2 protein chains.
Amino acid sequence: MRTLHHPAKKSLTLSRVLYAFSDPVRLSIVKSIAAHGEQPCGTFGLSVAKSTASHHFRVLREAGVIQMRPEGTQYINSLRRDDLDSRFPGLLDAVLRATGPI
Amino acid sequence: MRTLHHPAKKSLTLSRVLYAFSDPVRLSIVKSIAAHGEQPCGTFGLSVAKSTASHHFRVLREAGVIQMRPEGTQYINSLRRDDLDSRFPGLLDAVLRATGPI
DNA sequence: CCTATTGTTCTATAACATTAGAACAATGCG
DNA sequence: CGCATTGTTCTAATGTTATAGAACAATAGG
């Protein structure tokens, strides 16, 4: 299986998206993509095991926050910005704008 | 003990606030206060046991989302709107504005 | 074909969350 | 005071999540 499942825009739920955002590791993934653009899983410098990172990417993907596009041996991660903005206007921006303690 | 602990504005964290928002029961509490103003715990029509409701109010309070003010035998719940807006501009509004599936 | 790279999936474990019943505390009212 | 009201806290059960090691799968490159 090379293609992972992504939920349709209309089936995104607020709870699930907020939950996906609510973990510091996942939040750092989201902020990194927002700041540096799309990137493969290995380039985030996460201080967790590979399998743990994979779990977090999965939570983000299944919540509809990120898109994972296979490219060679890796997956390129990007934000589903348009879908998020359309379903939850202002939410992603507010999360990205937040400063201070994580 | 009649006075419950509320975290200082500057010690609010994004993860904790997002986590507090990420539960459907808690989200309904927040939306109800936003829509109808401050109200005691008993008036939310939550379909969970009293002790469970108390747990959710506590999570919201300890995340800094709500303020619980004792008044007679009850606690009046209000949103810490100014604190939230100041620490996480646009976040509460985005959450309240969201429509569709919970 | 062999090997390295990249990331997933499987399995297990420890920590944490949700739920609710029962007991308790504080207040107000007769 | 006695009692109802309101909500908390304690305890326990159940379920979920984060974590990581090991095995696996897909691809690229030699």
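Sequence lines set the chain letters: A, B, ... in the order given, protein chains first and strands last, and positions in each chain run from 1. Nothing here was measured: the structure is a model prediction, and the numbers come from that model. Every heavy atom of this structure was used, including side-chain atoms; hydrogens, water molecules and symmetry mates were not.
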Next on the checklist: salt bridge (Lys or Arg N to Asp or Glu O under 4.0 Å), that's the test. Do R87(A) and D82(A) meet it? Break it down for me.
Outcome noted: CA-CA 9 Å; R87(A) 277 291 281 109; D82(A) 291 350; over 6 Å; no
Item to check | Nearest-angstrom distance from the residue atom CD of Q39(A) to P of dG7(C) | outcome: 11 Å
Checklist entry - H56(B) near the nucleic acid: base, sugar-phosphate alone, or nothing, with a heavy-atom cut-off under 4.0 Å? => result sugar-phosphate
Checklist entry - To the side chain of Y75(B), which of dT9(C), dA20(C), dT8(D) is closest? => result dT8(D)
Checklist entry - Which sits closer to the 5' end of DNA chain C, V59(B) or R61(A), going by the nucleotide each is nearest to? => result R61(A)
Checklist outcome for this item: Judged by nearest nucleotide, the residue sitting upstream toward the 5' end of DNA chain D, F57(B) or V25(A), is F57(B)
Next on the checklist: Taking any heavy-atom pair under 4.0 Å as a contact, classify R26(A): base, sugar-phosphate, or nothing.
Outcome noted: sugar-phosphate
Item to check | Rounded distance in Å - CD1 (I76(A)) to C1' (dG7(C)) | outcome: 12 Å
Checklist entry - Can you tell me how far P of dG7(C) sits from CZ of F44(A), to the nearest Å? => result 9 Å
Next on the checklist: Does a side-chain N or O of R58(A) approach OP1 or OP2 of dG7(C) to a distance below 4.0 Å, or not?
Outcome noted: no
Checklist entry - Relative to the 5' end of DNA chain D, which residue comes earlier, V48(A) or P40(B), by the nucleotide with the nearest heavy atom? => result P40(B)
Item to check | From dG21(C), dT6(C), dG7(D), nucleotide with atom closest to S51(B) side chain | outcome: dG21(C)
Next on the checklist: Can you list, in residue-number order, the parts of residues 66-73 of chain B that come under 4.0 Å of DNA chain C, counting heavy atoms only?
Outcome noted: G72(B), T73(B)
Item to check | For atom CG of L46(B) and atom C1' of dT6(D), their distance in whole Å | outcome: 14 Å
Item to check | Nearest-Å distance for atom pair NZ/C1', residues K50(A) and dA23(D) | outcome: 10 Å
Next on the checklist: Checking contacts here: which listed nucleotide (dG7(D), dT17(D), dA22(D)) is nearest the side-chain heavy atoms of Y19(A)?
Outcome noted: dT17(D)
Next on the checklist: For S86(A), run the side chain to side chain contact (heavy atoms under 4.5 Å, CB included) check against R80(A), K10(A), K9(A) and tell me which one passes.
Outcome noted: K9(A)
Item to check | F57(B)/F44(B) aromatic ring centres below 6.0 Å | outcome: yes
Checklist entry - According to a strict under-4.0 Å criterion, is S54(B) in side-chain N/O contact with OP1 or OP2 of dG7(D)? => result no
